[in-house]
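Only one structure is covered here, and it is reproduced in the block below.
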Amino acid sequence: MSDVNTTASTGAAADSGSSATLTRLEQEGEIAADYLEGLLDIADLDGDIDMDVEGERASVSIVGDPASRELNKLVGREGEVLEALQELTRLAVHRETGERSRLMLDIAGFRARKRTELAKLGADAATEAKETGLPVKLDPMTPFERKVVHDAVAAAGLRSESEGEEPHRRVVVLPV
């Protein structure tokens, strides 16, 4: 049904010389991959599981045939099912390790595409704030989405902050 690929990237964990952290994150990825492989088998869905370590977190992706849309069932509308599966996967990792996981899950490239769109949104909002000298308030976003936008704004040389309460928390890009 599914295959597992492991890619050990040299992220911040490896650069800091913390092989224990890298090993812990790789273990999280392996636990998550086993959990997701079982889920794919139960759901009778085909997909390959790729594991990586990006920065300070494990990253697991379920990829399938691009011509097939069957994995989109696991993404759901606007990524709602993906978010739920990520939380369930984090719980499975927590159950095995006893430690909280910050694991990121991507399915069929949804989160990667979303990250690209959000980085552009953040850069565009930063440009607008620079040109107008006024704060730019964006629509409410999930924590993942806000993080990507904050990073894009910082890369553009501006500051941003989050305001509001979940689920209506939003990013505000501040002019210089």
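Excluded from the calculations below are hydrogen atoms, water molecules and symmetry mates; all remaining heavy atoms, backbone and side chain alike, are included. Treat the numbers as computed from the prediction; the structure is a model and nothing was measured.
Proximity of Glu26 to Met51: side-chain heavy atoms (C-beta onward) are nowhere separated by under 4.5 Å. With contacts defined as side-chain heavy-atom distances shorter than 4.5 Å, the pair Met141/Leu121 qualifies. Using a 4.5 Å heavy-atom threshold, the side chains of Val60 and Thr89 count as separate. Put simply, the side chain of Val81 does not reach to within 4.5 Å of the side chain of Lys73, judged on heavy atoms. A heavy-atom distance below 4.5 Å is found between the side chains of Leu88 and Tyr35. Side-chain contact check for Glu28 versus Glu99: every heavy-atom pair is 4.5 Å or farther apart. Ile62 places none of its side-chain heavy atoms less than 4.5 Å from the side chain of Leu85.
Following chains of ILVMFWY side-chain contacts shorter than 4.5 Å, one can reach Leu158 starting from Val149, so the two form part of one hydrophobic cluster. Residue Val176 is not grouped with residue Val172 when hydrophobic side chains (ILVMFWY) are merged at heavy-atom distances under 4.5 angstrom, including chains of intermediate members. In the hydrophobic cluster analysis, where Ile, Leu, Val, Met, Phe, Trp and Tyr join through side-chain heavy atoms closer than 4.5 angstrom, Met104 is grouped together with Val148.
Contact between Glu70 and Asp46 at its shortest, heavy atoms only, is OE2-N, 3.1 Å. Between Ile31 and Ala92 the shortest heavy-atom distance is CG2-O, 4.0 Å. Closest non-hydrogen pair, Val173 versus Ala129, comes out as CG1-CB, 3.9 Å. Annotation for Ser160 and His150: closest pair OG-ND1, 2.5 Å, computed over non-hydrogen atoms. Heavy atoms only, all atoms of each residue included: Asn72 and Ala108 are closest at OD1-CB, 4.0 Å. When all heavy atoms of Ala32 and Leu103 are compared, the closest pair comes out as CB-CD1, 3.5 Å.
Counting heavy-atom neighbours within 6.0 Å of Glu78 CD, excluding the residue itself, gives a total of 12 or less. The environment of Glu166 atom CD is dense: over 12 non-hydrogen atoms of other residues, nucleotides or ligands sit within 6.0 angstrom. Taking a 6.0 Å sphere around NZ of Lys114, one finds it holds more than 12 heavy atoms contributed by other residues, nucleotides or ligands. With a 6.0 Å radius and a threshold of 12 heavy atoms from other residues, nucleotides or ligands, Arg113 has its CZ atom above the threshold.
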Mind running salt bridge (charged side-chain N to carboxylate O under 4.0 Å, His left out) on Glu56 and Arg24 for me, showing each step along the way? CA-CA 10 Å; Glu56 294 288 324; Arg24 180 180 55 79; 5.5 Å; no
Quick one, Leu74 with Leu40, criterion side-chain contact (heavy atoms from CB on, under 4.5 Å). Give me CA distance, side-chain angles, the key distance, then yes/no. CA-CA 10 Å; Leu74 298 178; Leu40 289 174; 3.8 Å; yes
Between Leu71 and Phe110, is a side-chain contact (heavy atoms from CB on, under 4.5 Å) present by the stated rule, with each step listed? CA-CA 10 Å; Leu71 287 180; Phe110 175 83; over 6 Å; no
Stepwise, does the salt bridge (charged side-chain N to carboxylate O under 4.0 Å, His left out) test hold for Lys120 with Glu117? CA-CA 5 Å; Lys120 182 177 177 351; Glu117 292 170 13; over 6 Å; no
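With rounding to the nearest 0.5 Å, the separation of CD in Glu145 from CZ in Arg115 is 11.5 Å. Note that CG of Leu82 is 6.5 Å distant from CG of Asp106, once rounded to the nearest 0.5 Å. A distance of 10.5 Å separates CG in Leu36 from CD in Gln86, rounded to the nearest 0.5 Å. In this structure, CD1 on Ile49 lies 5.0 Å from CD on Glu37, to the nearest 0.5 angstrom.
Although no hydrogens or angles enter the test, the distance criterion places a donor-acceptor pair under 3.5 Å between the side chain of Arg111 and the main chain of Leu105. Here the side chain of Arg170 pairs a donor or acceptor atom with the backbone of Leu138 at under 3.5 angstrom. Asp50 places no side-chain N or O within donor-acceptor distance of the main-chain N or O of Val63, the cut-off being under 3.5 Å.
No side-chain N or O of His94 forms a donor-acceptor pair with one of Ser101 less than 3.5 Å apart.
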